[in-house]
Amino acid sequence: MKIATYNVNGLNARLPSLLRWLQEEAPDVACLQEMKMIDEKFPSLAIMNAGYNAIWHGQKSWNGVAILAKNNLELNEVGRGLPGDPEDLQSRFIEARVNDLLVGCLYLPNGNPAPGPKFDYKLAWLERLITKAKSLVELETPVVLLGDYNVVPTDLDVYKPERLTYDAVFLPETKEAYRRLLDQGWTDALRTLNPDIKIYTFWDYFRNSYGRDAGIRLDHLLLNPVLAKRLQTCGVDRHVRGWEKPSDHAPTWITIED
DNA sequence: ATGACTTACCCGGTAAGA
């Protein structure tokens, strides 16, 4: 089974690329972030015609997450919205059961500029995620928490670490909170299978970043111990970043033993 | 540290992304 995450940066603008990618790479499960559209605008017909069922949690202009699963799989929503703050109306989390697999799709706040209220919101959101994740990590059910974490975990995850010194994705508080999340027992799939190499999932639109391979790793798939035992392979569909009108993120995926 | 692109909004300048 192939499980992917893809920050589309606007699903309206990205629908042709998404459909092409689904056709060519055929993930069994695809989690989307930054759809930037209200629920009523979700292209459910095109997704269905591509062979996928879907659940989605949209919002006007910003954010928005969805879980797609091939139509031979059972897809049932478990919940939407991250618990812990009833005032938080941003659409950044959706959770589903795909057959026996529990899937949490997330779009963590970027947090820039830091310091400031946006960074405070990011750190608070991370703490809420840590609380949520604690209830999932030790389940006997396989669980994957995946999406755009807006966290660059280490120097190995950025083309030039000094360029991120003041960036919310790389500040010590951000990395420390992410480390506490991993320490619950989650496996960072891409880093575990590739302990020593630079891997990027995002290339800025500015300054020909993709052409220079000036990337960073922001999109992660975290597996609980039950699922980590079944991890087989992983990859980043970097070539998708080179298509016409690309998202600034590339699809990132794992395969697991059935 | 910012913003050389890109998107969405409401209709061309602003806000947001990372």
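Treat the numbers as computed from the prediction; the structure is a model and nothing was measured. All values below come from the heavy atoms of this structure, side chains included, with hydrogens, waters and symmetry mates left out.
Atoms NZ (A:Lys245) and P (B:dA8) sit 7 Å apart, rounded to a whole Å. Rounded to an integer number of Å, the gap from A:Asn9 CG to B:dT6 P is 11 Å. The distance from atom CG of A:Asn12 to atom C1' of B:dT6 is 14 Å, rounded to the nearest whole Å. Rounded to an integer number of Å, the gap from A:Phe202 CZ to B:dA16 P is 17 Å. One can place OH of A:Tyr205 at 13 Å from P of B:dC5, the figure rounded to the nearest angstrom. Taking atom CD on A:Glu162 and atom P on B:dA1, their separation rounds to 13 Å, with Å as the unit.
Across all strands shown, A:Asn150 has heavy atoms under 4.0 Å from sugar-phosphate atoms exclusively, and none from any base. Using a 4.0 Å heavy-atom cutoff across all strands shown, A:Leu164 reaches no nucleic acid atom at all. Among the protein residues, A:Asn208 comes within range of no part of the nucleic acid, since none of its heavy atoms lies under 4.0 Å from any strand. Nucleic acid contact for A:Lys118: sugar-phosphate only, since backbone atoms but no base atoms lie under 4.0 Å from a heavy atom of the residue. No engagement by A:Phe170 is indicated, since no non-hydrogen atom pair under 4.0 Å with the nucleic acid exists. Residue A:Asn110 is classed as a base contact, given a heavy-atom separation below 4.0 Å to a base. Residue A:Asn63 is classed as having no contact, given no heavy-atom separation below 4.0 Å to the nucleic acid.
A donor-acceptor pair under 3.5 Å is absent between the side-chain atoms of A:Asp237 and the main chain of A:Ala250, judged by distance alone. Of the possible donor and acceptor atoms, one in the side chain of A:Arg128 sits under 3.5 Å from a partner among the backbone N and O of A:Pro83.
Relative ring orientation between A:Phe42 and A:Trp56 is described as parallel, the plane-to-plane angle staying below 30° on a 0-90° scale split at 30° and 60°.
Nucleotides B:dG17 and B:dA4 place their C1' atoms 15 Å apart, quoted to the nearest Å. For the P atom pair drawn from B:dA16 and B:dT2, the interatomic distance equals 16 Å after rounding to whole Å. B:dC11 sits 25 Å from B:dT6 when the P atoms are compared, rounded to a whole Å. Look at the C1' atom in both B:dA15 and B:dC10: the space between them is 13 Å, to the nearest Å.
Contact annotation: A:Arg14 side-chain N/O to B:dT7 OP1/OP2 distance is under 4.0 Å. When the side-chain nitrogen and oxygen atoms of A:Lys60 are compared with OP1 and OP2 of B:dC10, one or more of them lie within a distance under 4.0 Å.
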Any chance you could lay out the side chain to side chain donor-acceptor pair (under 3.5 Å) test for A:Asp219 and A:His249, step after step, and finish with the verdict? CA-CA 8 Å; A:Asp219 302 273; A:His249 294 251; 2.8 Å; yes
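Under a cutoff of 6.0 Å and an axis angle of 45°, A:Lys175 and A:Phe170 form a cation-pi pair. In this structure, A:Arg92 satisfies the cation-pi test against A:Tyr107, with its NZ or CZ atom closer than 6.0 Å to the six-membered ring centre and inside 45 degrees of the ring normal.
Nearest-nucleotide assignment on DNA chain B puts the 5′-proximal partner with A:Ala13, out of A:Ala13 and A:Val169. DNA chain B is contacted by both A:Pro113 and A:Asp204; A:Asp204 maps to the nucleotide lying nearer its 5′ end (nearest heavy atom per residue).
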